[in-house]
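What follows is one structure encoded as structure tokens, with my remarks underneath.
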Amino acid sequence: MNTDKNSNTINSSINERLAYVDFKLRFTGHISRLDLGETFGIAEAAASRVLTEYGVAKPENKAQKVNTIIRESFSPLISIDGETALGMLANGFNKNKLTNNTVLPFEKVGVIPNRLNISEVAMITRAIAGEYAISCNYFSEHSSNHETRTLMPLAILYDGSQWMFRAYDRTETKSDKFKNFHFARSMNVVEEFQSKEKKRLGHEGLGHDKSWNLRLPLILKLHESLSEENKAQIRRDFGIPQEQDELFTSEREAFIWITKKKWYIDDRNQKQIELDNKEGLKRFYKFKLTNHEMIEKLKESLS
């Protein structure tokens with residue numbers, strides 16, 4: 001684990017607890033005795049001692065009575081990258097992620113160094129926990145609008161290679177204001193935690209996000225363009241029994257486009273297929289979506 005000059009390597013349970021306090025403060029903005037009790041199975045008195053010890057070690061980081069972050073003077077006790085922080089926010093605090101101790105040898109493939117700005121990641125995740133907005137410039141691959149947006153971050157997403165967050169876009173003029181945003185494309189992030197007008201409103205939560213709450217059934221058939229050898233390989237990759245050609249699954253409507261792209265799903269209608277054939281376009285697909293009409297009808301129910 002990398003630490004700053006005021007910290008030591010985690011080599012005891014108490015240091016692990018101090019690291020957890022630091023992590024919670026930095027990425028959610030708050031820590032409580034209950035958090036410590038649930039994570040480490042310690043009594044309230046022991047949790048109080050951990051908070052006191054952290055306050056001594058890092059007095060500029062935490063408001064003592066309410067145990068919330070002091071943003072303007074926070075100096076992390078532990079060094080952590082954005083990928084690791086988001087992974088622990090999604091899967092739980094794990095000291096082995098800080099010390100690189102693994103049960104078996106492990107390496108991530110194709111890691112882009114410094115891709116995520118850790119300070120801006122922390123601002124976005126604190127906004128999720130604190131239920132308030134952020135302001136940022138967003139560099140979308142589908143839009144030239146790089147003006148300042150007011151986003152209400154709601155949840156963390158991971159597609160196996162990219163970290164994203166679901167948010168309500170207050171600056172969107174169209175009716176569908178719930179969207180997926182990439183952490184790496186969010187620039188010049190500002191927390192709006194002090195503004196009453198930037199607190200999350202009822203209709204801006206996930207409960208009102210129709211695309212998030214609608215799960216679509218997907219009936220996928222191995223694509224007819226595949227060779228038998230390719231079909232056998234895809235069966236192994238996706239856990240499909242060797243005697244079957246279909247895969248049944250479901251996905252949130254909000255993530256359908258991601259799944260189609262990553263799984264190479266052909267969802268073209270007959271007219272689109274004929275047009276592609278006429279123009280001589282050949283695309284690689286692993287699956288054919290066979291219940292396209294059903295999905296379109298379910299999607300129409302969102303409007």
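If you read the sequence from its start, that first residue is 1, and numbering goes on from there. In this text, all values refer to a predicted model and were calculated from it rather than measured experimentally.
- Heavy atoms from other residues, nucleotides or ligands lying under 6.0 Å from NZ of K221 number 12 at most.
- The neighbour count for F238 CZ, taken as heavy atoms of other residues, nucleotides or ligands under 6.0 Å away, is above 12.
- Sparse packing is recorded around CD of E107, with 12 or fewer heavy atoms of other residues, nucleotides or ligands lying under 6.0 Å away.
- A distance of 11.5 Å separates CE of M164 from CG of L86, quoted to the nearest 0.5 Å.
- A salt bridge does not link D22 with K58: none of the charged nitrogens is closer than 4.0 Å to a carboxylate oxygen.
- The line from CG of L25 to OH of Y20 is 10.0 Å long, rounded to the nearest 0.5 Å.
- Between D245 and K231 there is no salt bridge, since no side-chain N of the basic residue sits under 4.0 Å from a carboxylate O of the acidic one.
- Note that CD1 of I31 is 7.5 Å distant from CG of N67, once rounded to the nearest 0.5 Å.
- With values rounded to the nearest 0.5 angstrom, Q162 atom CD is found 12.5 Å from N180 atom CG.
- Under a 4.0 Å N-O distance rule, the pair E191/R71 qualifies as a salt bridge.
- In this structure, H182 contributes its side chain and A184 its backbone to no donor-acceptor pair below 3.5 Å.
- For the pair E192 and K199, the salt-bridge criterion is not met [side-chain N within less than 4.0 Å of a carboxylate O].
- By the 30° and 60° cut-offs, the orientation of the rings of F165 relative to F181 is parallel.
- Contact check for R283 versus D276: side-chain heavy atoms found under the 4.5 Å cut-off.
- Atom NZ of K179 sits in a crowded spot, with more than 12 heavy atoms from other residues, nucleotides or ligands closer than 6.0 Å.
- Classification of the F23-F93 ring pair by plane angle, with boundaries at 30° and 60°, yields tilted.
- Between E253 and K210 no salt bridge is recorded (no basic side-chain N to carboxylate O distance below 4.0 Å).
- The existence of a salt bridge linking K174 and D176 is excluded, since no basic side-chain nitrogen approaches an acidic carboxylate oxygen closer than 4.0 Å.
- Checked against the 6.0 Å centroid criterion, the rings of F183 and W163 do not qualify as a close aromatic pair.
- Environment of CD in E229: sparse, with no more than 12 heavy atoms of neighbouring residues, nucleotides or ligands closer than 6.0 Å.
- Under the 3.5 Å distance criterion, the side-chain polar atoms of E120 are matched with a main-chain donor or acceptor of V189.
- Taking the six-membered ring for Trp, H203 and Y168 have ring centres closer than 6.0 Å.
- Using a distance-only test at 3.5 Å, with no hydrogens or angles considered, no donor-acceptor pair links the side chain of R33 to the main chain of A46.
- For E224, the CD atom sits in a loose shell: 12 or fewer heavy atoms of surrounding residues, nucleotides or ligands are nearer than 6.0 Å.
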